[in-house]
2 protein chains.
Amino acid sequence: MTMINLDGFFKSAFTVDNVIFGFDEGDLKVLLIKRGEEPFEGQWGLPGYFVKENENLDQAAVRTLEELTGLRKVFLEQVATFGGVDRHPSGRVITVAYFSLIKINQYTIQPSSIAQHAEWVSIKDAKNLAFDHGDILKACFNRLKLLVRTRPVGFELLPPKFTLTELQHLYEAILETDLDKRNFRKKILSMNLLIDLDETQEGVAHRPARLYKFDKKKYDELLADGFSFELKESRRKIAEHLQN
Amino acid sequence: MTMINLDGFFKSAFTVDNVIFGFDEGDLKVLLIKRGEEPFEGQWGLPGYFVKENENLDQAAVRTLEELTGLRKVFLEQVATFGGVDRHPSGRVITVAYFSLIKINQYTIQPSSIAQHAEWVSIKDAKNLAFDHGDILKACFNRLKLLVRTRPVGFELLPPKFTLTELQHLYEAILETDLDKRNFRKKILSMNLLIDLDETQEGVAHRPARLYKFDKKKYDELLADGFSFELKESRRKIAEHLQN
DNA sequence: TCGAATTAGTGTAAACCTTACACACTGAAA
DNA sequence: TTTCAGTGTGTAAGGTTTACACTAATTCGA
């Protein structure tokens with residue numbers, strides 16, 4: 001049997017770039033690296049790693065995420081591949097972008113050298129990134145917006161126990177819009193995907209809110225029955241938004 | 001300024017694989033290649049091409065699509081990248097999957113060697129593909145299903161003049177469900193995105209249907225105003241579907 | 001301990017959208 | 001002239017989304 005010989009074809013270095021989202025203090029954040037060397041020294045960039053000869057792309061993404069955050073088994077999904085000829089000044093490097101959602105308070109700084117320069121940056125402040133990382137971040141943020149409306153991934157960003165207000169703020173941060181409190185609660189609660197823990201917040205200087213957790217078991221059951229999680233943004237509010 | 005030296009890192013060959021959808025005789029089809037050589041000789045595979053040193057991924061996809069179909073300026077979008085270590089028997093080959101939508105009657109067979117073995121295969125019959133092309137096709141089909149509900153891409157698959165029944169059949173083929181004729185028409189026409197051409201079909205052995213064309217100009221205007229094209233599948237029908 | 005501050009929690013009516021459903025019309029072919 | 005095949009049309013019921021404002025619980029400081 002004759003096989004294709006790959007020697008004659010162009011080969012490129014390739015990396016995975018991780019867009020790691022977290023949510024803290026009502027603000028959606030990304031874990032960025034302050035670059036300590038050229039190119040783009042001093043600028044923010046995404047954590048990126050060369051893929052090894054013997055590992056799959058997904059494996060590389062999982063491995064590097066763990067090296068950086070210490071976390072395993074988090075939400076992680078491939079988004080897109082960026083392969084512009086001139087995207088890397090040192091030569092051709094094709095990068096596969098992954099995005100992940102982590103609970104920011106579970107994040108612990110790791111001993112790896114790159115992690116020393118990692119910082120959570122508000123998505124609003126994540127500008128002027130190195131390479132084409134601005135484009136990559138944008139693609140991942142768009143994907144998150146899309147995903148959050150059709151699958152209950154928001155819970156990946158919240159601590160196990162959360163209040164409805166926190167959940168609403170999360171959605172508002174991701175969708176970049178305001179939501180009506182009563183309608184939001186009605187909608188979320190009507191899905192029966194939250195377990196009311198019969199506990200309340202502690203240490204807040206106001207009426208404490210009830211705590212809920214996400215009922216993953218119930219969701220998996222409903223999924224199997226053809227249920228579709230759908231959380232809509234107000235169309236009117238989108239339209240208003242676009243006018244600004 | 002010190003730069004990273006890429007020589008030390010593993011490099012891989014890169015291809016683009018094209019999932020080219022067409023619609024004909026009420027049936028959604030994919031353009032596949034009957035493989036004339038090992039590996040997977042005799043099986044169907046996606047048209048795939050190595051990416052060149054000096055071209056971007058999108059350029060490679062556009063170029064190869066034209067080489068195969070003779071068509072330029074068609075709908076083309078990157079879907080996902082497949083980089084399993086063992087996906088290609090000859091060595092590491094990472095492939096970036098693109099999907100495109102073409103008007104099947106504009107397709108003309110090209111002189112390229114690969115095009116000689118190209119055939120339109122109904123999506124239902126596209127099984128047992130070479131490599132991981134089955135997974136790739138599935139990913140692209142899922143993306144098409146998603147896209148068709150939120151953007152008016154269906155028209156890319158139809159001839160410039162079409163009947164409402166043809167449009168409905170197209171949606172039914174993509175969404176793999178039945179739609180109610182009256183409700184479908186009501187919904188589509190209420191968007192005001194179709195121009196009634198005041199012409200009718202010819203050469204059919206029954207009452208001829210009116211012909212319409214897609215009003216792209218209007219759509220672009222509406223888009224700018226925050227309009228969102230949204231065509232929903234009946235939830236009940238989805239649920240029924242899942243039970244089968 | 002009282003009042004102010006802060007955030008939590010709740011219901012309804014109107015508008016809008018989606019669904020289910022059946023029959024008369026047109027033109028070609030026999 | 002009848003049959004065949006597919007086109008084209010309306011409505012009522014049910015469900016979803018929207019807009020909107022006040023009372024409840026707790027801490028803090030005076």
Side-chain angles (χ1 to χ4, degrees), chain A residues 25-26 149-150 158 161-172 175 177-212 226-241, chain B residues 25-26 149-150 158 161-172 175 177-212 226-241:
Chain A
E25 295 168 10
R149 298 169 85 240
T150 46
L158 291 175
K161 301 176 178 189
F162 50 84
T163 70
L164 293 181
T165 302
E166 282 164 356
L167 185 61
Q168 182 180 340
H169 288 337
L170 171 63
Y171 276 97
E172 289 175 336
L175 297 172
T177 187
D178 289 334
L179 299 170
D180 179 274
K181 182 162 64 156
R182 280 188 281 195
N183 294 339
F184 178 79
R185 283 162 183 244
K186 217 186 311 171
K187 179 87 197 218
I188 285 285
L189 292 174
S190 74
M191 292 180 174
N192 287 313
L193 288 175
L194 295 187
I195 296 172
D196 183 337
L197 291 169
D198 249 318
E199 292 175 54
T200 50
Q201 278 179 310
E202 274 170 35
V204 287
H206 53 78
R207 175 174 176 180
R210 300 184 79 80
L211 293 169
Y212 292 83
F227 166 84
S228 122
F229 180 91
E230 206 152 315
L231 198 102
K232 274 212 210 125
E233 191 174 355
S234 148
R235 292 208 199 148
R236 296 187 200 184
K237 297 212 175 167
I238 299 174
E240 279 165 30
H241 213 259
Chain B
E25 295 167 10
R149 296 169 86 240
T150 46
L158 291 175
K161 301 177 179 189
F162 51 83
T163 70
L164 292 181
T165 302
E166 281 163 357
L167 186 61
Q168 182 180 341
H169 288 337
L170 171 62
Y171 276 97
E172 289 176 336
L175 297 172
T177 187
D178 288 333
L179 299 170
D180 179 273
K181 182 161 64 155
R182 282 188 281 196
N183 294 339
F184 178 79
R185 284 164 183 242
K186 216 186 315 173
K187 179 88 197 215
I188 284 283
L189 291 174
S190 74
M191 291 179 174
N192 286 314
L193 288 175
L194 295 188
I195 296 172
D196 184 337
L197 291 170
D198 248 315
E199 292 174 58
T200 50
Q201 278 180 310
E202 275 170 35
V204 288
H206 54 78
R207 174 175 176 179
R210 299 184 78 79
L211 293 168
Y212 292 83
F227 165 85
S228 119
F229 180 92
E230 208 152 314
L231 198 103
K232 275 212 210 126
E233 192 173 356
S234 146
R235 293 205 199 149
R236 295 187 198 181
K237 297 213 175 165
I238 298 175
E240 278 166 29
H241 213 258

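Below, each value reflects all heavy atoms present in this structure, side chains not excepted, and no hydrogens, waters or symmetry copies.
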Atom-pair distance ([atom1] on [X]; [atom2] on [N]), nearest Å:
X	N	atom1	atom2	value
B/Leu211	C/dT26	CG	P	18 Å
A/Asp178	D/dC20	CG	C1'	15 Å
A/Lys181	D/dC20	NZ	C1'	13 Å
A/Leu179	D/dA19	CG	C1'	14 Å
B/Glu230	D/dT17	CD	P	11 Å
A/His169	C/dA8	NE2	P	7 Å
B/Leu164	D/dG6	CG	P	16 Å
B/Arg210	C/dT26	CZ	P	12 Å

So, using side chain to side chain contact (heavy atoms under 4.5 Å, CB included) as the criterion, who are the partners of B/Lys186 when residues are at least two apart?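 Partners of B/Lys186 under the side chain to side chain contact (heavy atoms under 4.5 Å, CB included) test: B/Asn183.
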
Let's see if you get this right: which residues in residues 197-209 of chain B place a heavy atom under 4.0 Å from DNA chain C? B/Val204, B/Ala205, B/His206, B/Arg207, B/Pro208

OP1, OP2 of C/dG9 versus side-chain N and O of A/Arg185: anything below 4.0 Å? yes

Under 4.0 angstrom, heavy atoms only, what part of the nucleic acid is A/Thr163 near: base, sugar-phosphate, or nothing?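 Nothing: the residue A/Thr163, judged by heavy atoms under 4.0 Å, touches no strand.
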
Does the distance from a Lys or Arg side-chain N to an Asp or Glu carboxylate O, for A/Glu199 and A/Lys161, drop under 4.0 Å?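 Salt bridge between A/Glu199 and A/Lys161, a charged N being under 4.0 Å from a carboxylate O: yes.
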
Both B/Lys186 and B/Glu166 contact DNA chain D. Which one's nearest nucleotide lies toward the 5' end? B/Glu166

Taking the minimum atom-to-atom distance to the side chain of B/Arg182, which one of C/dT10, D/dG10, D/dT18 wins? D/dG10

Any donor-acceptor pair under 3.5 Å joining the side chain of B/Lys187 to the base of C/dT19? no

How about B/Thr165 and B/Arg185: does a side-chain donor come under 3.5 Å of a side-chain acceptor? yes

I want to check something: taking the side chain as every heavy atom from C-beta on, are A/Leu194 and A/Phe162 in contact at a cut-off of under 4.5 Å? yes

Taking A/Ala209's backbone N and O only, do any of them form a donor-acceptor pair with A/Gln201's side chain (distance below 3.5 Å, no angle check)?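 Checked: pair present.
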
Please check: side-chain N/O of A/Gln168 versus main-chain N/O of A/Leu179, any donor-acceptor pairing under 3.5 Å? yes

side-chain hydrogen bond (donor to acceptor under 3.5 Å, both in side chains), paired with B/Arg210, selected from B/Thr163, B/Asp198, B/Thr200: B/Asp198

